[in-house]
Enquirer: 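Following this message is one structure expressed as structure tokens.
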Amino acid sequence: MSSRPMPADPMIQQLIRQARQAQFGRRALLTGGAGAAALALAACATGSAAKPTAAADVSGNDKTLRWDNWALYIDVDDAGNYPTLEAFTAETGITVNYTEAVDDNNTYYGKVKDQLALGKDIGADTVCLTDWMVGRLARFGYLQELDHANIPNLTNLLPSLKDVDFDPGRELSVPWQGGFAGICWNKEKFPDGITSVEQLWNTPELKGRVGVLSEMRDTMGLIMLDAGIDISGDWGDEEFTAAIDVLKKQVSDGQVRNIKGNSYKEDLVNGDSLAAIVWSGDIVQLNAENGDKWGFVVPDKGGTIWNDNFVVPIGSAHKANAEALINYYYDPAVAAEVAAYVNFITPVAGAKEAAMEIDPELAENPLIFPDDATLAKAKVFRTLSGAEEQTYGAQFQSILLGA
Amino acid sequence: MAFAAFASTAAPPTDAPPRRRSKVALLLLLPGILYLVLFFLAPLVSLILTSLQAPSEFGDIGMYSYAFRWENYVAVIEQYWPHILRSFGYALIATVLALAFSYPLAYFIGVTARRWPLLQSLMLVLVIAPFFISFLLRTLAWKQILSDESFLVTSLKAVSLLAPDAHLTGTAFSVIFGLTYNFIPFMTLPLYTTLERLDLRYLEAGNDLYASGFHTFRTVTIPLSMPGIVAGTLLTFIPAAGDYINASRDFLGGADTQMIGNVIEANFLVLLNYPAAAALSIILMTVILVMVGVYVKRSGTEELL
């Protein structure tokens with residue numbers, strides 16, 4: 001279809017062109033202006049309770065593995081390569097696609113839950129998630145059972161981690177790294193230290209400068225431990241609600257200002273938080289970057305200990321490759337190499353001795369290789385039932401949302 | 001002469017074939033319509049269905065089945081009405097502030113600076129320049145600037161403009177500040193496009209008729225720039241009301257400054273309460289739609305919609 005021919009006169013042609021341009025500019029800007037932003041959440045079918053079945057394993061002839069993990073959670077050299085992973089590939093012929101895809105348990109779950117429910121591939125053959133999230137995935141039947149015969153090095157797993165309530169016998173998950181939640185303080189402002197939850201609440205100079213984690217189990221765990229409750233034992237609504245009231249009061253009184261996820265580190269650095277409930281590994285890292293500015297302690301009344309665990313999602317077709325990877329990282333020498341970089345607690349027995357050879361100072365760091373006294377103070381937050389997860393989560397979120 | 005001859009041979013007047021405007025128009029619209037159906041209508045229907053879901057019987061956390069549970073709406077309004085009100089309150093204040101900052105700026109660029117085209121384009125670039133940096137980074141930068149030990153806060157405390165134990169981050173002030181700052185370009189640009197076309201002879205006429213400067217501004221300039229004001233306020237208000245970055249506890253907000261976007265996020269990601277998140281989204285959309293409709297009708301610029 002042809003458009004109306006232009007008039008012959010070049011002057012008129014020029015005028016038409018100008019008019020068209022002017023119209024275009026105006027129209028484009030105005031329609032852009034009136035376009036209303038529409039917010040549409042992708043809704044999902046969430047009703048089904050049927051459990052998906054595991055994908056067939058093709059590891060035998062497909063030597064690849066996709067591993068989703070948290071940021072800064074593996075050894076990296078100056079060129080940006082992962083030395084232990086390269087050694088693994090050289091040893092086994094399995095190429096690993098390592099992605100820092102996990103930013104937060106909840107957002108990661110939100111991203112993959114629909115595929116998991118359908119038993120589809122989530123784009124990762126193994127992923128490291130925190131205890132409670134592993135518990136949820138296990139309950140839903142979203143994980144593949146691991147073949148311990150393929151992981152002989154699993155005998156190196158620390159005895160205290162062999163039986164956990166969310167995965168008795170470690171049939172579905174194997175720890176990658178762990179850490180404590182405890183209390184840290186700014187050593188310049190508080191040379192004597194802030195070493196208990198009670199001190200966080202009762203130090204007047206800390207008004208508005210206390211931070212707590214938005215991770216419910218760590219913040220509530222420390223508060224409950226401070227009240228003398230064994231969080232890994234038998235406790236219920238009454239104990240939890242009492243602890244919620246404590247936190248609610250501290251937030252509404254303005255003692256606690258910052259309730260944050262990973263971004264709490266910025267608050268420590270810029271001074272918004274002078275003392276906070278934090279994760280041990282982060283403090284090791286912050287101290288290395290900012291000159292030993294913070295002290296960290298697992299309070300005498302107790303702190304929490306958690307692990308991020310390897311799991312193989314139900315839709316993965318490379319389970320045997322994942323098992324080979326886990327086996328590799330349970331070699332104490334490899335575990336020590338990783339520990340030297342990531343500053344979290346390794347679950348591999350014998351890694352401390354191996355670390356002695358690489359870097360004796362590192363092996364002495366109680367935050368990476370904790371002594372028995374520290375370990376005795378650290379408790380695991382017991383696994384919650386689905387109903388508890390819902391009600392406790394709602395109670396905790398209502399504080400975070402100021403409702 | 002040669003030029004004219006060339007021109008006439010280039011475009012010989014021929015009889016155009018009969019037009020089939022409607023079919024072509026439809027064809028051209030098709031991608032847009034498909035896009036809207038696929039990425040707007042379908043998710044919207046799904047959103048409405050989700051908002052009416054009920055928890056599955058014996059279901060675990062995050063398991064819901066289709067139902068007609070309109071009580072979800074009552075429940076979320078009962079629980080979260082302060083956040084809904086706060087969102088619109090913050091968005092309204094931010095919009096008014098952005099207008100107050102942007103109007104003089106746009107007037108200067110579009111009218112006063114007409115004599116200096118170079119200055120005009122330079123200032124336009126300055127208005128747009130922040131877009132070259134990610135929204136998140138800019139907001140994080142403000143978090144540092146407003147933090148307790150920052151130069152700004154310590155100076156304000158030194159001159160007693162701020163109480164010794166007061167702070168800026170995590171307060172309503174910093175959230176509204178962030179909203180205003182982040183949406184100012186959306187206000188300035190539409191204002192500029194209308195003011196840039198303002199015919200100065202109208203202002204001269206006002207002067208000739210002995211109107212004061214203010215009177216001319218009120219009765220001539222403002223009505224003529226109304227399309228820009230409406231477009232700018234809509235572009236600021238709508239995203240500001242649904243914004244969840246500025247108010248987020250990880251950025252400029254605190255526990256008592258959470259807006260509706262943060263509530264939706266928490267319900268969707270943490271609590272896995274999808275019906276509540278969906279119901280809140282629909283409430284937000286409906287309220288905005290009604291407010292915008294009334295606003296546009298009252299300001300007499302329906303042709304913008």
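Below, read A as the first sequence line, B as the second, and so on, with proteins coming before strands; counting in each chain starts at 1.
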Enquirer: Counting C-beta onward and ignoring hydrogens, is there a side-chain heavy-atom pair between B:Lys143 and A:Asp267 closer than 4.5 Å?
Expert: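 With C-beta onward as the side chain, the pair touches.
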Enquirer: State whether the side chain of B:His167 and the backbone N or O of A:Arg257 hold a donor-acceptor pair below 3.5 Å, judged by distance alone.
Expert: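 No, the answer is negative, given that no donor and acceptor are paired below the 3.5 Å cut-off.
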Enquirer: Please check if atom CG in A:Asp103 has more than 12 non-hydrogen atoms from other residues, nucleotides or ligands closer than 6.0 Å.
Expert: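 For A:Asp103, atom CG is not crowded (no more than 12 foreign heavy atoms under 6.0 Å).
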Enquirer: Can you establish whether the number of heavy atoms outside A:Lys187 located under 6.0 Å from its atom NZ is more than 12?
Expert: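 Atom NZ in A:Lys187 is crowded, with more than 12 foreign heavy atoms closer than 6.0 Å.
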Enquirer: Can you tell which of B:Asn273, B:Thr169, B:Thr171, B:Val263 has the highest number of heavy-atom pairs within less than 4.5 Å of chain A?
Expert: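 Among B:Asn273, B:Thr169, B:Thr171, B:Val263, the one with the most close pairs to chain A is B:Thr169.
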Enquirer: For residues B:Gly62 and A:Gln390, report the shortest heavy-atom separation together with the two atoms involved.
Expert: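 Looks like N-NE2, 4.2 Å.
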Enquirer: On a heavy-atom basis, which atom in B:Arg249 and which in A:Ile259 lie closest, and how many Å separate them?
Expert: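 B:Arg249 and A:Ile259 have their closest heavy atoms at NE-O, 2.9 Å.
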Enquirer: Looking at every non-hydrogen atom in both residues, tell me the closest pair between B:Leu269 and A:Thr107 and how far apart they are.
Expert: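 Answer, listing the atom of B:Leu269 first, then A:Thr107: CD1-CG2, 3.4 Å.
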Enquirer: When rounded to the nearest 0.5 angstrom, what distance separates CD1 in A:Ile399 from CG in B:Asp256?
Expert: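 Here the interatomic distance stands at 13.0 Å.
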Enquirer: Look at A:Lys207 together with B:Asp165 and state whether they make a salt bridge at an N to O cut-off of under 4.0 Å.
Expert: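 No, no charged N to carboxylate O under 4.0 Å.
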Enquirer: Please output the side-chain donor-acceptor pairs of residues 227-234 of chain B that fall under 3.5 Å, not counting sequence neighbours, one pair per line with the distance.
Expert:
unit_1	atom_1	unit_2	atom_2	d
B:Thr233	OG1	B:Ile229	O	2.7
B:Thr233	OG1	B:Val230	O	2.9
B:Thr233	OG1	B:Tyr295	OH	2.7

Enquirer: What pair of heavy atoms forms the shortest contact from B:Ala255 to A:Val251, and how long is it?
Expert: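 Heavy atoms of B:Ala255 and A:Val251 come nearest at CB-CG1, 4.0 Å.
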Enquirer: Measuring only between side-chain heavy atoms, which start at C-beta, is B:Ile61 closer than 4.5 Å to A:Phe140?
Expert: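 Heavy-atom side-chain distance check passes, below 4.5 Å.
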Enquirer: If you count the non-hydrogen atoms of other residues, nucleotides and ligands that lie under 6.0 Å from OH in B:Tyr244, is the total more than 12?
Expert: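 No, OH of B:Tyr244 has 12 or fewer neighbouring heavy atoms, counting only those of other groups under 6.0 Å.
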Enquirer: With chain B, which of A:Glu388, A:Glu205, A:Arg139 has the greatest number of heavy-atom pairs at distances under 4.5 Å?
Expert: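 Most pairs with chain B among the choices: A:Arg139.
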Enquirer: Please report the closest heavy-atom contact between A:Gly271 and B:Asp148, naming both atoms and the distance.
Expert: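 Shortest heavy-atom separation between A:Gly271 and B:Asp148 comes out as O-CB, 4.1 Å.
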Enquirer: Who are the side-chain contact (heavy atoms from CB on, under 4.5 Å) partners of A:Lys189, not counting sequence neighbours?
Expert: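 side-chain contact (heavy atoms from CB on, under 4.5 Å) check on A:Lys189 returns A:Asn186, A:Leu274, B:Glu149.
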Enquirer: Where do A:Ser263 and B:Asp250 come nearest, in terms of heavy atoms and distance?
Expert: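 So the minimum-distance heavy-atom pair works out to OG-OD1, 2.6 Å.
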Enquirer: Given a strict heavy-atom distance threshold of 4.5 Å, which part of B:Leu49 is in contact with chain A: side chain, backbone, both, or neither?
Expert: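 Contact with chain A involves no heavy atom of B:Leu49 at all.
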Enquirer: Find the distance between CD1 (B:Ile145) and CG (A:Asn270) and round it off to the nearest 0.5 Å.
Expert: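 If I round to the nearest 0.5 Å, the distance is 11.5 Å.
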Enquirer: With a 4.5 Å limit on heavy-atom distance, are the side chains of B:Leu272 and A:Arg136 in contact?
Expert: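 They are in contact (side-chain heavy atoms under 4.5 Å apart), so the answer is yes.
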Enquirer: For A:Tyr264, which atoms come within 4.5 Å of any heavy atom of chain B: side chain, backbone, both, or neither?
Expert: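 Contact with chain B is absent: no heavy atom of A:Tyr264 under 4.5 Å.
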